Amino acid sequence: MCALPADVLLDRVTSIVPREHVLAKFADRLCYSYDSTNIEHMPDVVVRPGSAGEISEVLKLANATGTPVFPRGAGTGLSGGSVPITGGIVMDLTRMNRILDIDTANLLAVVEPGVVTLDLFNKAASLGLLYPPDPGSNTVSTIGGNVAENAGGLRGLKYGVTKDYIMALEIVSPEGGIWRSGSKTVKCVTGYDLTKLMVGSEGTLGVFTSITCKLVPMPEHSVAMLAVFDDIDLAAATVAAIIRAGILPSTLEFLDRVTCNVIEDFKPCGLPRDAEAVLLLEADGVLEAATKQAKKMTDIASLEGAREVIVAKNEEEKARVWSGRRAALGALARVRPTTILEDATVPRSEIPAMVRAVREIASKYNLMIGTFGHAGDGNLHPTILTDERDREEMHRVEAAIDELFKTALALGGTLSGEHGIGLAKAPFLHMEMGEVGLATMRRIKQALDPKNILNPGKMALELGGDPR
């Protein structure tokens, strides 16, 4: 809880940040009480700083008074990572939304944390460059949030995830000090790799104020395809076969029948309603290489049992299908009052086994689960459609989630491929990391944030069990 009375806290904060950028009305605070999960807690005040200096002073105030601070981007997180579970201050960083530099000579961009992901992509693309991280929320999510969660996305198989593109950071420590990690140079091995430590730290170790991102040349050509399957197992097997053949598509996405149909109900884009599953595939690179790779993937899909493989004839056709894939979560969320999106990630060779397990778990617990995701890098999103008001059903949901996580780990996978741990997965973290691993994380947190000011209660960093 906030250590200061709400009116005193408001006065202290507005002495640092202009009053028009401090929100204290109930309706405003309510908007910052949740993210894209069903977890909700009300903050005492919302502050929207405009500089590293203002962030520094707010954190110094927080340390002096024992007030928790919860950094936040666009609130699109899927793990409860920015939810202010103990009240206090939500620090909204979306005012700091400038692209400070696109350096074409050194292939990098310097941005503030509130820059929307798609805005950076578009700015780089206008100069013939590519910022590869491509989360499904890219039209609204911010670079700062992407870095905090180590976001992945549709291009993860070939290009990697956010951590692979962060060269340097400016950070405000939990105690208010401003420091920098990394460099604009291609190589930098000075001291500990603190940049990598901060990426994926989920707002628990510092607040980003400047982010230096690596860019790459835009591919010359791309070919997009839709492979249609009457058997979901054949679709999953095709994913493994493509990877086994040594092909590295820029995108390899999986959609099951449930997901295809709800997308068509929500945003018709030409997905087949009668198919058990589809794969969305894309190859990119120089013209000859992309064309050759696309032909190989078409042949493999046909050999593995695809009913048909449709190649996009033009950019408009390609964009229509990809817009449907990006609408998957929103479409599924319309079906039932509560949507629980999981992040089961396994080695790519185990995708067929994980797909079968999801179907078996859905049947066992009598639940509606739509599955989509980045099958090419082993990252599936089983999405449970339920109603949190139905206690009996929610007990089945909890049992299903537990089994999903245990199955992913048994297959050599991980609890989270790109959504982070936050609050939602904190009770399961010991299953993967073990007690020694958790203790190591807690020692790092204690060293950098001794008063537990930044994003308390997340990632199982406090002793005493599930903070919910």
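Predicted model only: the values in this text are computed from it and were never measured.
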Can any side-chain N or O of [X] pair as donor or acceptor with the backbone N or O of [Y] at less than 3.5 Å?
X    : Y    : result
S36  : L78  : no
K425 : L415 : yes
S51  : E54  : yes
N138 : D134 : no
E170 : I178 : no
T251 : P249 : no
S15  : R12  : yes
E264 : C269 : yes
E253 : F372 : no
Y165 : G160 : no

Side-chain heavy-atom pair [X], [Y] within 4.5 angstrom cut-off:
X    : Y    : value
P49  : H21  : no
I55  : M91  : yes
L448 : S173 : no
L205 : K445 : yes
R359 : D233 : yes
Y32  : R72  : yes
L61  : N63  : no
F428 : D402 : yes

Exercise: identify the closest heavy-atom pair between [X] and [Y]:
X    : Y    : value
R29  : V45  : CD-N, 4.1 Å
P71  : S82  : O-CB, 3.7 Å
A333 : T339 : CA-OG1, 3.1 Å
P43  : V90  : CB-CG2, 3.7 Å
F70  : G87  : CE1-O, 2.9 Å
G80  : I39  : CA-CD1, 4.3 Å

Should V46 and D28 be marked as a side chain to side chain contact (heavy atoms under 4.5 Å, CB included) after you check the CA-CA gap, both sets of side-chain angles, and the distance that decides it?
CA-CA 8 Å; V46 177; D28 292 328; 6.0 Å; no
Exercise: do [X] and [Y] side chains pair donor with acceptor under 3.5 Å:
X    : Y    : answer
S416 : D343 : yes
E403 : Y365 : yes
N146 : T117 : yes
H419 : E342 : no
H430 : E435 : no

Could you tabulate the donor-acceptor pairs under 3.5 Å formed by side-chain atoms of residues 187-199, not counting sequence neighbours?
from	atom 1	to	atom 2	distance (Å)
D193	OD1	K196	N	3.2
T195	OG1	S181	OG	2.8
T195	OG1	G182	N	3.3

Test of ring centre spacing under 6.0 Å for Y131 and F121:
no
Approximate separation, where rounding is to 0.5 Å, of [X] [atom1] and [Y] [atom2]:
X    : Y    : atom1 : atom2 : answer
T209 : L169 : OG1   : CG    : 8.5 Å
T414 : N379 : OG1   : CG    : 9.5 Å
L234 : L279 : CG    : CG    : 10.5 Å
E393 : N366 : CD    : CG    : 8.0 Å
E282 : L252 : CD    : CG    : 11.0 Å
M433 : I421 : CE    : CD1   : 9.0 Å

Any carboxylate oxygen within less than 4.0 angstrom of a Lys/Arg side-chain nitrogen, looking at E392 and R396?
yes
Salt bridge (Lys or Arg N to Asp or Glu O under 4.0 Å) evaluation trace for R98 with E112:
CA-CA 6 Å; R98 295 177 299 164; E112 292 182 324; 2.8 Å; yes
Between T67 and I453, does the side chain to side chain contact (heavy atoms under 4.5 Å, CB included) criterion hold? Intermediate values first, please.
CA-CA 7 Å; T67 303; I453 295 300; 5.9 Å; no
